[in-house]
2 protein chains.
Amino acid sequence: MDQEADIKTVRTAFIERMGMVAHHEGMPRMGGQILAMLVFDGTAISFGDLARRLQVSRATISTSVRFLEERGLIRRLNRTGERQDYFQLAEDAYATMLRHARTGTLRAISEISQTAAELPAGSDAIRRRLDEYAGFYEAIDASILDAISRFETADT
Amino acid sequence: MDQEADIKTVRTAFIERMGMVAHHEGMPRMGGQILAMLVFDGTAISFGDLARRLQVSRATISTSVRFLEERGLIRRLNRTGERQDYFQLAEDAYATMLRHARTGTLRAISEISQTAAELPAGSDAIRRRLDEYAGFYEAIDASILDAISRFETADT
DNA sequence: AAGTCTGTTCAGTTATTTCCGAACAAACTT
DNA sequence: AAGTTTGTTCGGAAATAACTGAACAGACTT
């Protein structure tokens, strides 16, 4: 039995699926695929291999890894004696994803409170509804913080 | 002083901002704008008013409200003696948003465990990494559940 | 019945996102 | 020095998403 071939098939399917999940979450599909690949393999993967195995141009890899680096989800290794760059999951990638999710809700909260601040005196009913809306995002924020600690304890 | 005009300006800005927030969260911009309008006004708004005040075609309103209805975020009122449909926020709109967020993470978990199931016997290292990845989504799921109860208590 | 108003659907346009090829610079190899 | 290899950038192409106008059906009004 050719286990290697089986694993390769499963990996391809996994990468494809996670690309869709990422896309569905409003993240670039390619970024999700790269992350999936790094999760699956565990090892660091070279720039060239990423392009080859995902069958996309090096230009696409370049912009995608830059995006993932800026988000703090992957790390670039510059192995001495190696021409190519290598990439691996950041140690705290999962916690970082959660922290990034927070920024979205914090932005929403900020927009809402800014709106409330711009309202003329009175407008109490509107203010109350905006507060309720902000409360929704605050509930999300609180639980993301929960998740961070929850996950960090489950991590090690 | 013309408070009405002030409020109108603030409302327009709010709708615009929330449209961007929605879009940033991977949701249609127009859906976010409609929700924002309903939150701001509090009252039910007619189909025609939505098109007029958002300055989009009725076709766009039609597809947008269908989307929001299917998600359970708004309710359509058919006032007797009124030709137009009216829309208002669903009572449990916020909790519904959270429940929907869950489906995304549950899907991710499902995809991951399906991948694990497809792996040939052995492959323990891969399996371990997939489990860790699934654990990430499970942490999110757990905290969304937290948020639902947290928000529901804060709601009333 | 003819005319108006309302909401839906669909084909087609417009806008946005995503990806690629080519040109380039830096570092290395011969 | 000339030639490779590597990663980045940018203009533009290809794919996707968002919106519109027009045709339509149902319900009401005259």
Side-chain angles (χ1 to χ4, degrees), chain A residues 12 15-38 44-71 73-88 104, chain B residues 12 15-38 44-71 73-88 104:
Chain A
T12 303
I15 288 169
E16 222 165 273
R17 286 168 176 167
M18 289 303 118
M20 290 314 294
V21 168
H23 181 247
H24 192 265
E25 288 173 359
M27 195 189 190
R29 192 183 329 118
M30 193 55 59
Q33 293 190 352
I34 292 175
L35 283 185
M37 198 166 202
L38 293 174
I45 302 179
S46 75
F47 192 101
D49 278 346
L50 285 176
R52 209 167 305 118
R53 289 179 40 200
L54 293 173
Q55 303 181 52
V56 293
S57 72
R58 293 186 310 148
T60 299
I61 296 297
S62 180
T63 59
S64 293
V65 295
R66 178 159 56 86
F67 169 80
L68 292 171
E69 268 188 295
E70 284 170 358
R71 283 250 180 128
L73 299 179
I74 67 177
R75 296 192 60 173
R76 186 186 301 242
L77 309 177
N78 228 315
R79 295 181 170 168
T80 51
E82 270 280 1
R83 308 267 300 263
Q84 283 191 84
D85 289 353
Y86 280 72
F87 300 91
Q88 65 182 19
Chain B
T12 302
I15 288 169
E16 223 165 90
R17 287 168 174 166
M18 287 305 116
M20 291 313 295
V21 168
H23 182 246
H24 192 265
E25 289 172 359
M27 194 190 190
R29 191 184 330 118
M30 192 54 59
Q33 293 191 352
I34 291 175
L35 283 185
M37 198 165 202
L38 293 174
I45 302 179
S46 75
F47 191 102
D49 278 347
L50 285 175
R52 208 167 304 119
R53 292 179 39 200
L54 293 173
Q55 302 182 52
V56 293
S57 71
R58 292 186 312 147
T60 300
I61 296 298
S62 180
T63 58
S64 293
V65 293
R66 179 158 56 86
F67 170 79
L68 292 172
E69 267 188 296
E70 284 170 358
R71 282 247 178 130
L73 299 179
I74 68 177
R75 295 192 60 173
R76 186 185 301 242
L77 308 178
N78 227 314
R79 296 181 170 166
T80 51
E82 270 280 0
R83 308 269 298 261
Q84 283 191 84
D85 289 353
Y86 279 73
F87 300 91
Q88 66 181 19

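Values below: every heavy atom of this structure, side chains too, minus hydrogens, waters and symmetry copies. We name chains A, B, ... by the order of the sequence lines, and we start the count at 1 in each one.
Residue B:R75 places its CZ atom among 12 or fewer non-hydrogen atoms of other residues, nucleotides or ligands, all under 6.0 Å distant. Applying the 6.0 Å contact sphere to CD of A:E82 captures more than 12 heavy atoms from other residues, nucleotides or ligands.
One atom, CG of A:L50, and another, C1' of C:dC19, lie 16 Å apart when rounded to the nearest Å. Counting to the nearest Å, the P atom of D:dG7 and the CD1 atom of A:I45 are 14 Å from each other. Here the C1' atom of nucleotide C:dG7 and the CZ atom of B:R52 are 14 Å apart, to the nearest Å. Distance A:Q84 CD to C:dA26 C1': 16 Å, rounded to the nearest Å. One interatomic measurement links the two molecules: NE2 of A:H23 to P of C:dT18, which rounds to 6 Å at whole-angstrom precision. Whole-Å rounding puts the B:L54 CG to D:dA18 C1' distance at 14 Å. Rounded to an integer number of Å, the gap from A:I34 CD1 to D:dG7 P is 13 Å. In this structure, B:M30 places its CE atom 14 Å from P of C:dA15, rounding to the nearest Å.
Closest-nucleotide positions on DNA chain D for B:S64 and A:R66 were compared, and the one nearer the 5' end corresponds to A:R66. Mapping B:T60 and A:R76 onto DNA chain D by nearest heavy atom places A:R76 closer to the 5' end of the strand. Toward the 5' end of DNA chain C, the nearer of the two residues B:F87 and A:P28, judged by each one's closest nucleotide, is B:F87. Remark on DNA chain C: of its neighbouring residues A:R58 and A:R29, the 5'-side contact belongs to A:R29, judged by nearest-heavy-atom nucleotide.
Remark: side-chain polar atoms of B:E69 are not paired, donor with acceptor, to backbone N or O of B:I74 under 3.5 angstrom.
With distances taken from any side-chain atom of A:S62 to the nucleotides C:dC10, C:dG7, D:dT9, the minimum falls on D:dT9. Set against D:dG7, C:dT6, D:dT20, the side chain of A:F47 has D:dG7 as its closest nucleotide. In the set D:dT8, D:dT9, D:dC28, D:dC28 carries the atom at the smallest distance from any side-chain atom of B:R83. Out of C:dC20, D:dG21, D:dT8, the shortest distance to the side chain of B:A59 is found at D:dG21. Of the candidate nucleotides D:dG7, D:dG21, C:dG7, C:dG7 has the atom nearest to the side chain of B:D85.
Nearest heavy-atom pair across B:G19 and B:Q33 is CA-CG, 3.7 Å.
When the options B:R76, B:R79, B:R58 are evaluated for a salt bridge (Lys or Arg N to Asp or Glu O under 4.0 Å) with B:D85, the one that passes is B:R76.
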